[in-house]
2 protein chains.
Amino acid sequence: MKLGQATIKDIAKELNVSSSTVSRALKDYPGISDETKRKVKELADKLNYRPNAVALSLRKSKSFTIGVIIPEVVHFFFSTVISGIEEIAFANGYNVILCQTNERLDREKSSIETMLSNQIDGLLVSYSKETTDFEHFSKLMKLEFPIVFFDRLPDLPNSINVTVNDYDGAYQAVTHLISQGYKKIVHLAGPKNLTISKKRREGYIQALEDAGISVNENLIVECPSGTEKESFDVTIKLFEDVDNRPDAIFAHHDIVGAGAMMALKSIGLKIPEDVGVVGYSNWQFSSMIDPPLSTVSQPGFNIGEKATTMLLDMINNKNDYKKEPVHVVLDTELLVRKSSVRL
Amino acid sequence: MKLGQATIKDIAKELNVSSSTVSRALKDYPGISDETKRKVKELADKLNYRPNAVALSLRKSKSFTIGVIIPEVVHFFFSTVISGIEEIAFANGYNVILCQTNERLDREKSSIETMLSNQIDGLLVSYSKETTDFEHFSKLMKLEFPIVFFDRLPDLPNSINVTVNDYDGAYQAVTHLISQGYKKIVHLAGPKNLTISKKRREGYIQALEDAGISVNENLIVECPSGTEKESFDVTIKLFEDVDNRPDAIFAHHDIVGAGAMMALKSIGLKIPEDVGVVGYSNWQFSSMIDPPLSTVSQPGFNIGEKATTMLLDMINNKNDYKKEPVHVVLDTELLVRKSSVRL
DNA sequence: TTGTAGGCGTTATCAG
DNA sequence: CTGATAACGCCTACAA
């Protein structure tokens, strides 16, 4: 800010009027002579006047800025969500402050503190994998501070949530595998404390039960870190017993699925002939790997849009979400590709 | 901000001291009795006092916020850069306001206006594909407003720049292809107005010349949008003439490379036996496609870190970059995978 | 139609 | 050791 930005005062001084007159002229208030308005606007233009949003924030106790807490930008899914958030925020004159937690709770907490210091008007949150206690959120919610959670939902009453139908996505994926004749289906699951993981697991279990296949807990293996390497190792282990191998994998996201595919190839198993694989999230790469990975597509952009729209509604009291818990569920879509089709 | 946040005044009133005393006590100024300090801090704690960063910004004419302008978050490369930016900013007590331009100039301009209104202390920019005139930047630079450009560099004297060595990356990639015996190497190039495109093209040309291969302009085809579909179509066309086909492709990024690979497969050509392919940027998917795509890896995270470090130096006058144009060039790394190895 | 004064939360300066 | 005051830029009730 060495910009030497012109202020209302500067304009007032030069024109020999008061700053209130300038302020009003700039906003086309009634009861200002056209002559004055013209002069003021002209000079403002000439001086390249730009209202100081910080002063405005202070004055109005409103910053027109929303905070976004996400685990990691580099996750394709989250980057699409951010796009949606940005779009709506921008269209409504709001700024977006971004903080990634890198899946760490301490980072999450301190980011929120900083954002609050900066007087954000509301918060969009997808919390970290380390977060199991939600008091830092509930504290704010009790004070009626606007928060919308997306993708990862807290175990809190009255939270406002936007997710996809993870249960249904998983159910569809597993049902599809069953329809292709796969019988012994592994679930490479996500961290237990995430609702999305729970829901996907439930969908997996229900699909099996509805097909009359008994659920074997040994076939549900957690891949908490979600890296390719982790799922590679887990998969190798699962397929160790040559006489008793699973014949399909439902992975809780595409990277995990891709890691599993590499493992399968490395031990000479053919996809989809020997083993079927379905992932989750429709990452950018999923259609390009070999064979193309079937997956459950989540509408990330829409999630961002919807969550932001709701948050702005809350901020501007257009809608009273307080009366009941709200949970918007967007539909997933099963994308069937080669990795899971053998009929 | 229905938070009813406690202010210094509140503390002062409750303790029957002046706000200046509270302010000083909170910051451990000398000349405040330990007793007072204790009381103030205790109460501040109890009231969950949080300094109002907006008021501070106004007072100090400094917001501890930097703006970031990028084309699109969903580009893997940019998301890694953001990670690097965030990391350094956060570590130094700075916030990050993010705006994506979606490759549109009007959006770029208005984003900058908004950010300036919000009194950002500096700007990190990778401009849009539509941007050919840089006056909206040079205007600010003349006023000594701190700006660091990364990845896409403007045609401006005295700009502070961080990029990778695109020329060298391309040179290495093409030299590698030549070393594998490929002779008729296509370049699927990026938009002409981007320096990165120019540099990569130059590297491509130089590598050919150094190997004594004459450059055929028909083999340099622009893929401005950079989508899979576009490069698919372009590739199909390039290989139409069965008797006179190229035998290798150097793509200006991995998506373009992947699109080309799909096209090659669709017309029955084998990679790398018939045609070798090298991409650029090392997208997440590149190691997972079939065959794994050779590529030039750019250190996105490091670019973000470096650019932010430099920007903060400028903001805090720790370093005087004004005296001469600065261009930090980080090294790329050629990742040789199956798509380009046939010897 | 315009001006004056006060305040949003904080801190620097000057005065006790 | 502590307090009063002014100022950052803007808006608005009240006054003229």
Side-chain angles (χ1 to χ4, degrees), chain A residues 1-41 43-44 47-65 93 114 116-121, chain B residues 1-41 43-44 47-65 93 114 116-121:
Chain A
M1 272 184 345
K2 309 163 180 172
L3 290 179
Q5 257 305 139
T7 71
I8 280 191
K9 267 192 194 166
D10 297 328
I11 300 181
K13 208 173 291 172
E14 188 143 346
L15 254 38
N16 274 318
V17 294
S18 74
S19 23
S20 25
T21 302
V22 176
S23 170
R24 289 188 275 238
L26 286 171
K27 326 202 84 171
D28 271 330
Y29 262 51
I32 295 282
S33 75
D34 288 351
E35 175 65 5
T36 310
K37 279 189 192 170
R38 199 187 44 74
K39 272 201 228 160
V40 167
K41 286 183 180 172
L43 185 56
L47 296 181
N48 198 10
Y49 170 76
R50 189 184 291 126
N52 182 325
V54 169
L56 268 168
S57 292
L58 187 58
R59 179 72 231 275
K60 302 215 160 173
S61 299
K62 177 151 173 38
S63 64
F64 284 96
T65 299
T114 316
L116 289 176
S117 280
N118 280 278
Q119 313 301 109
I120 49 165
D121 294 335
Chain B
M1 271 182 349
K2 308 161 181 176
L3 291 181
Q5 258 305 140
T7 72
I8 282 192
K9 271 190 191 168
D10 297 328
I11 301 180
K13 208 173 292 172
E14 187 143 345
L15 255 40
N16 275 319
V17 293
S18 73
S19 20
S20 0
T21 301
V22 175
S23 170
R24 287 187 276 237
L26 286 171
K27 328 201 84 169
D28 271 329
Y29 263 52
I32 295 281
S33 74
D34 288 352
E35 174 64 5
T36 310
K37 278 189 192 169
R38 199 185 46 72
K39 272 201 227 157
V40 167
K41 287 184 178 169
L43 185 56
L47 297 181
N48 197 11
Y49 170 76
R50 189 185 292 125
N52 183 327
V54 169
L56 266 167
S57 290
L58 186 59
R59 182 73 232 275
K60 303 213 161 175
S61 298
K62 178 150 174 33
S63 64
F64 285 96
T65 300
T114 316
L116 290 175
S117 281
N118 280 278
Q119 312 300 110
I120 49 165
D121 295 336

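Chain A is the first sequence line, chain B the second, and so forth, proteins listed ahead of strands; every chain is numbered from 1.
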**Q** Would one find a side-chain N or O of B:Ser33 under 4.0 angstrom from OP1 or OP2 of D:dT2?
**A** yes
**Q** Counting just side-chain N and O atoms, does B:Ser61 come under 4.0 Å of either OP1 or OP2 of D:dC8?
**A** no
**Q** For the side chain of A:Arg50 and the base of D:dG9, is some donor closer than 3.5 Å to an acceptor across the two?
**A**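 Looking at the base of D:dG9, it does not pair with any donor or acceptor on the side chain of A:Arg50 (distance under 3.5 Å).
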**Q** When you measure from the side chain of B:Ser19 to the backbone N and O of B:Ile8, does any donor-acceptor pair fall under 3.5 Å?
**A** no
**Q** Is there a side-chain polar atom (N or O) of B:Lys27 under 4.0 Å from OP1 or OP2 of C:dT11?
**A** yes
**Q** Using a cut-off of 4.0 Å on non-hydrogen atoms, how would the nucleic acid contact of A:Val54 be classed: base, sugar-phosphate, or nothing?
**A** nothing
**Q** With a 4.0 Å cutoff (strictly under), does any side-chain N or O of B:Thr36 reach OP1 or OP2 of D:dT2?
**A**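 For D:dT2, OP1/OP2 do have a side-chain N/O of B:Thr36 under 4.0 Å.
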**Q** Is A:Tyr29 close enough to D:dT12 that one of its side-chain N or O atoms is under 4.0 Å from OP1 or OP2 there?
**A** yes
**Q** With distance as the sole criterion, do the side chain of A:Arg59 and the base of D:dC11 form a donor-acceptor contact below 3.5 Å?
**A** yes
**Q** Between A:Ser18 and C:dG3, is there a contact of a side-chain N or O with OP1 or OP2 at under 4.0 Å?
**A** yes
**Q** Heavy atoms only, 4.0 Å cut-off, all strands: where does B:Ser20 land among base, sugar-phosphate and nothing?
**A** base
**Q** Can you tell me if A:Ser117 uses its side chain to pair, donor with acceptor, with the backbone of B:Ala53 under 3.5 Å?
**A** no
**Q** Where each residue is assigned the nucleotide of DNA chain D containing its nearest heavy atom, which of B:Thr21 and B:Leu58 is assigned the position nearer the 5′ end?
**A**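 Looking at DNA chain D, the more 5' nearest nucleotide goes with B:Thr21.
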**Q** Counting any heavy atom closer than 4.0 Å, what does B:Asp10 reach on the DNA or RNA strands: base, sugar-phosphate only, or nothing?
**A**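 Since no nucleic acid heavy atom lies under 4.0 Å of B:Asp10, the category is nothing.
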**Q** Check B:Lys41 with B:Asp28, please: is the shortest side-chain N to carboxylate O separation under 4.0 Å?
**A** yes
**Q** Check whether any side-chain N or O of B:Asn52 sits under 3.5 Å from a backbone N or O of B:Val54 as a donor-acceptor pair, and report yes or no.
**A** yes
**Q** Compare the minimum distances between each of D:dG9, C:dC8, C:dT2 and the side chain of B:Lys9, then state the nucleotide with the smallest one.
**A**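 Between D:dG9, C:dC8, C:dT2, the one nearest the side chain of B:Lys9 would be C:dC8.
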**Q** Where the side chain of B:Arg24 is concerned, which of C:dT2, D:dG3, D:dC8 is the nearest nucleotide?
**A** D:dG3
**Q** Have a look at A:Ser19 and say if it touches a base, only the backbone sugar-phosphate, or nothing, with a 4.0 Å heavy-atom cut-off.
**A**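 Touches nothing.
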**Q** What nucleotide among D:dG9, D:dG3, C:dT11 has an atom nearest to a side-chain atom of B:Val17?
**A**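 Closest of the options to the side chain of B:Val17: D:dG3.
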